[in-house]
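None of these values were measured; they are calculated from a predicted model. We name chains A, B, ... by the order of the sequence lines, and we start the count at 1 in each one.
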Protein chains: 2
Amino acid sequence: MPTPARTSVEQILAAGRRLVATDGLEGLTMARVAELVGVRAPSLYKRVPSRAALVRLVATDLLAELGAALAQGVGAGDPEADLREMARTLRRFAMSESSLLVLVFSPLPDGMAPDPEEVVRSVAPLLAVTTQLVGAQRSLPAARTLTAWLTGFVRMEGQGSFGLGGSVDEAFEFGLDVMLAGLRGVAGVS
Amino acid sequence: MPTPARTSVEQILAAGRRLVATDGLEGLTMARVAELVGVRAPSLYKRVPSRAALVRLVATDLLAELGAALAQGVGAGDPEADLREMARTLRRFAMSESSLLVLVFSPLPDGMAPDPEEVVRSVAPLLAVTTQLVGAQRSLPAARTLTAWLTGFVRMEGQGSFGLGGSVDEAFEFGLDVMLAGLRGVAGVS
DNA sequence: ACCTGAACACCGTTCAAGT
DNA sequence: ACCTGAACACCGTTCAAGT
């Protein structure tokens, strides 16, 4: 006699996301997720193969959101303006979801890292802009330089690692100036 | 009747470090540490207040090692050469201890992050060089730009996030060129 | 077909009891 | 003074039993 489903992957995902946001990654336990969706822990395994898979689901979900935000701010202006816009968008996103950042810009145990395909997709807008800036041959190292700086920066900011005082806003804009001046410089030498 | 100590903080620290290196942070459990040092888990609490404190100890230890390596390569040449040297030293260190990287360049749960004082000390050589490059007023944002890029890069490399092919060595040297050209550029405008 | 309680092997941590 | 077994409250996960 089939009994009706009492929850769904969507509900479980939302509960997982809420727990990571409020209590960090270690706050996402199967028992607490189950409680939030109104079911017992073993039932979760009908929808999700493991806790690691659930973490991965939340991370991928978050990354897709970031990718959508990035893609939105691209297109109109010149490449430098586009890049500034995207960088600020990424930082804004990271700050608004700072408690979830651990899922996207940090190393996760095996099996919890977000879907690599989604990673590539979310970074695509950045790669498009660097191609315009430094040409196709150098676009890959340029995008890597840019993403390394960006992810390093937002992780440090989200973690509160800027402990020496001074304006973090200023440091971000300064960094943006350095990146653009530097990309201009190496592009000119080519 | 006092019984002789059967282990030490040093042994416990070494065991913790070995476990993180081989099995990641989650592989460091009190039971396994105890087994490695030849004691039962409860005895560890005579030397170390908690697992979190032990993780923090390992992280601080590792960071001190990095700081020593950085300080070593500084001094002789011009500031740009010093910076290149230090950047490569940091990357080499990160690669050689890639499995321990999670302790130094990643967000850790509260209470596990390395001693902030040690963080400041380890970064001091970098700050000294950026001061020479861009002047005292801009040295803080410059150092932040640099460390953001460096930590972002080594974390991505250690995590294997450079999945699109291409030479990672080249991307690092390219990034170094961008940073130096960029710092030169903004310094000139001052 | 889904949900449940019971169970298993693990955690970190505390503590009374031994020496 | 240090070490230990036992215990506690928690994990993730499996599974037979219920509906």
Are any side-chain N or O atoms of A:Arg56 and backbone N or O atoms of A:Ala113, one a donor and one an acceptor, separated by less than 3.5 Å?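 Flag set: sc A:Arg56 to bb A:Ala113 pair under 3.5 Å.
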Whole-Å distance between C:dT14 C1' and B:Lys46 NZ?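 So the two atoms are 11 Å apart, to the nearest Å.
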I want to check one thing: is the phosphate of C:dA1, taken as OP1 and OP2, less than 4.0 Å away from some side-chain N or O of A:Thr3?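 It does not, given that no N or O in the side chain of A:Thr3 lies less than 4.0 Å from OP1 or OP2 of C:dA1.
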Select one nucleotide: of C:dT4, C:dT13, D:dG5, the one nearest the side-chain heavy atoms of B:Arg40.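 Among the listed nucleotides, the one closest to the side chain of B:Arg40 is D:dG5.
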Using whole Å, what does the distance between atom P of nucleotide C:dC11 and atom CD of B:Glu26 come to?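 After rounding, the gap between these two atoms is 11 Å.
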Are B:Val48 and B:Tyr45 co-members of a hydrophobic cluster defined by side-chain heavy atoms under 4.5 Å apart?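 Result: yes, single cluster for both.
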Pairwise distance OG1(B:Thr130) to CE(B:Met86) - rounded to 0.5 angstrom: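 Interatomic distance, B:Thr130 OG1 to B:Met86 CE, rounded to 0.5 Å: 8.0 Å.
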Quick one: label B:Leu28 by what it contacts on the DNA or RNA (base, sugar-phosphate, nothing), any heavy atom closer than 4.0 Å.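 Sugar-phosphate, backbone atoms only, no base.
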Check whether more than 12 heavy atoms from other residues, nucleotides or ligands sit under 6.0 Å from atom CZ of A:Arg88, and answer yes or no.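 Atom CZ in A:Arg88 is crowded, with more than 12 foreign heavy atoms closer than 6.0 Å.
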Using Watson-Crick and G-U wobble pairs with both distances under 3.5 Å, what is the 5'-to-3' dot-bracket string of DNA chain C, with [ ] for crossing pairs and | for pairs outside the strand? ||.|||||...|||||.||
Which distance, rounded to the nearest 0.5 Å, do you find between the CG of A:Leu146 and the CG of A:Leu126?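 The CG atom of A:Leu126 is 5.5 Å from CG of A:Leu146, to the nearest 0.5 Å.
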Whole-Å gap separating P (D:dG12) and CZ (A:Arg32):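 Value for this atom pair: 10 Å.
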Which nucleotide in C:dC11, D:dC11, D:dT4 has an atom nearest any side-chain atom of B:Ala31: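 It is C:dC11.
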Under 4.0 Å, heavy atoms only, any strand: does A:Ser43 hit a base, just the sugar-phosphate, or nothing?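 Contact class for A:Ser43: base.
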For B:Ser98 and B:Ala94, indicate whether the former's side chain and the latter's backbone hold a donor-acceptor pair under 3.5 Å.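 Judged by distance alone, no pair lies under 3.5 Å.
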From C:dT14, D:dT13, C:dT4, pick the nucleotide closest to the side chain of A:Tyr45?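 From the listed options, D:dT13 comes nearest.
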Residue-level proximity of residues 47-57 of chain A to DNA chain D when a heavy atom falls under 4.0 Å: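 Within this stretch, A:Ser50, A:Arg51 sit under 4.0 Å of the strand.
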Rounded distance [0.5 Å steps], CG in B:Leu66 versus CZ in B:Phe105: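 Taking CG in B:Leu66 and CZ in B:Phe105, the distance rounds to 5.0 Å.
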Quick one: which of D:dC2, C:dT14, D:dG12 gets closest to the side chain of B:Ala5?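 That would be D:dC2.
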